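From a predicted model like this one, the values you see are computed outputs, not experimental measurements.
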Amino acid sequence: VAGALLAIYDGDTEIDRWTSTDQPHMISGLENGKTYTVKELSAPDGYYLFSTPKEITISAPSTTAQDKDNVITVADDTIDFYLQKIDSRTKQRLSGAQFEIIDEDGNVVATVESSDAEKVKIPNEVLKSGKTYTVHESISVDGYYYADGDKTFTVPSTVEDAKRMDKTAFTVTVEDK
């Protein structure tokens, strides 16, 4: 995933720091047989920070072109939050309500329309790990009142934090009367 800030360490000493792209990052001068630690320092927008450092032990390169030795992959999980509007009596999903997703600075980062078929995914590229967002109903469904106040949700800081959460916490439900 492009946009992750990564660093490699020899003990507590930083050897190299880079921002990931769609191409592998090459580091030279590492010692054969030595173990180094790779840490993700910040995740790209829409992804959780992978906070568990990865260790890699350098081994002598092979002579084949397909050699995968000494390659380390840090895989980030996407941030997935959903929104649904439901009738408070029937608990059925309602279609056509529009919601603004507002960041901590008061900026509208996305607009999402509810569906009666399924809960709607909030675009993950606008969400940042560790940040709190407000869901504000800007247009209600015909025949229904606006939601009773705004809802807030906080994106977990790390993938490990997200895995410890109850999965229902990743759906923002707005009941209507």
Side-chain angles (χ1 to χ4, degrees), residues 1-31 33-59 67-85 99-115 118-137 149-174:
V1 175
L5 179 61
L6 301 158
I8 188 165
Y9 296 86
D10 179 2
D12 291 333
T13 304
E14 186 177 294
I15 304 294
D16 193 15
R17 179 185 289 229
W18 69 98
T19 300
S20 63
T21 66
D22 59 351
Q23 298 296 313
H25 177 74
M26 302 299 287
I27 303 168
S28 59
L30 301 178
E31 295 178 39
K34 191 164 190 169
T35 300
Y36 297 90
T37 304
V38 176
K39 296 179 184 177
E40 183 176 36
L41 305 175
S42 69
D45 292 350
Y47 292 86
Y48 291 110
L49 177 71
F50 191 85
S51 63
T52 304
K54 289 195 170 207
E55 290 189 347
I56 182 171
T57 301
I58 304 303
S59 60
D67 182 27
K68 299 274 189 216
D69 290 347
N70 301 323
V71 174
I72 188 164
T73 301
V74 177
D76 287 331
D77 289 339
T78 58
I79 297 172
D80 295 322
F81 273 81
Y82 299 88
L83 178 68
Q84 63 182 358
K85 181 163 177 118
F99 295 93
E100 296 174 334
I101 311 303
I102 304 167
D103 69 12
E104 294 174 333
D105 296 324
N107 300 311
V108 176
V109 295
T111 301
V112 178
E113 186 171 321
S114 66
S115 168
E118 58 188 18
K119 54 190 176 181
V120 179
K121 187 175 188 298
I122 297 171
N124 69 302
E125 63 272 8
V126 303
L127 301 176
K128 296 179 183 180
S129 60
K131 300 295 182 181
T132 299
Y133 295 87
T134 300
V135 176
H136 172 74
E137 185 174 7
D150 294 340
K151 298 260 187 180
T152 61
F153 66 94
T154 300
V155 176
S157 294
T158 67
V159 69
E160 293 85 0
D161 291 342
K163 287 179 180 178
R164 284 191 291 271
M165 289 178 61
D166 177 356
K167 294 304 172 202
T168 61
F170 296 103
T171 300
V172 179
T173 300
V174 178

key: Set of residues satisfying side-chain hydrogen bond (donor to acceptor under 3.5 Å, both in side chains) with respect to Thr158, sequence neighbours excluded   =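 With neighbours one apart ignored, the set is Glu160, Asp161.
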
Listed partners of Thr111 passing side-chain hydrogen bond (donor to acceptor under 3.5 Å, both in side chains), at least two apart =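 Result, side-chain hydrogen bond (donor to acceptor under 3.5 Å, both in side chains) vs Thr111: none returned.
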
If you measure from [atom1] on [X] to [atom2] on [Y], what distance do you get to the nearest 0.5 Å?
X      : Y      : atom1 : atom2 : value
Ser157 : Leu49  : OG    : CG    : 8.0 Å
Lys121 : Ile79  : NZ    : CD1   : 9.0 Å
Tyr48  : Asn124 : OH    : CG    : 9.5 Å
Thr37  : Lys54  : OG1   : NZ    : 12.5 Å
Glu137 : Glu100 : CD    : CD    : 10.5 Å
Asp150 : Tyr133 : CG    : OH    : 16.0 Å

Closest approach of [X] to [Y] (non-hydrogen atoms, all atoms of both residues):
X      : Y      : value
Ala110 : Val126 : CB-CG2, 4.1 Å
Glu31  : Tyr36  : N-OH, 2.9 Å
Ile101 : Val135 : CD1-CG2, 4.0 Å
Lys128 : Val155 : O-CB, 3.5 Å
Tyr47  : Thr78  : CE2-CG2, 3.4 Å
Ser20  : Leu6   : CB-CD1, 4.2 Å

Partners of [X] by salt bridge (charged side-chain N to carboxylate O under 4.0 Å, His left out), sequence neighbours excluded?
X      : value
Lys131 : Glu104
Glu125 : none
Asp10  : Lys34

query = Any side-chain heavy atom of Phe99 sitting closer than 4.5 Å to one from Lys151?
reply =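 Heavy-atom side-chain distance check fails, nothing below 4.5 Å.
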
message = Are Val112 and Pro123 packed together at the side-chain level, in the sense that at least one heavy-atom pair is separated by less than 4.5 angstrom?
response =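 They are in side-chain contact.
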
query = Which pairs, with at least one residue in residues 14-30 and sequence neighbours excluded, count as a salt bridge (charged side-chain N to carboxylate O under 4.0 Å, His left out)?
reply =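 As it turns out, the salt bridge (charged side-chain N to carboxylate O under 4.0 Å, His left out) pairs with a partner in residues 14-30, which skip direct neighbours, are Glu14-Arg17.
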
task = Look only at the side chain of Asp105 and the backbone of Asn107, and say whether a donor-acceptor pair between them is shorter than 3.5 Å.
result =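 Between the backbone of Asn107 and the side chain of Asp105 there is no qualifying donor-acceptor contact (under 3.5 Å).
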
Main-chain N/O of Phe50 paired to Glu40 side chain as donor or acceptor, under 3.5 Å =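 Checking the backbone N and O of Phe50 against the side chain of Glu40, a donor-acceptor pair under 3.5 Å is found.
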
message = Test side chain to side chain contact (heavy atoms under 4.5 Å, CB included) on Leu30 and Ile8; report intermediate values, then the result.
response = CA-CA 10 Å; Leu30 301 178; Ile8 188 165; 4.1 Å; yes

Identified side chain to side chain contact (heavy atoms under 4.5 Å, CB included) counterpart of Phe153 within the set Thr132, Leu127, Thr134 =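 Running side chain to side chain contact (heavy atoms under 4.5 Å, CB included) over Thr132, Leu127, Thr134 with Phe153 returns exactly one hit, Leu127.
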
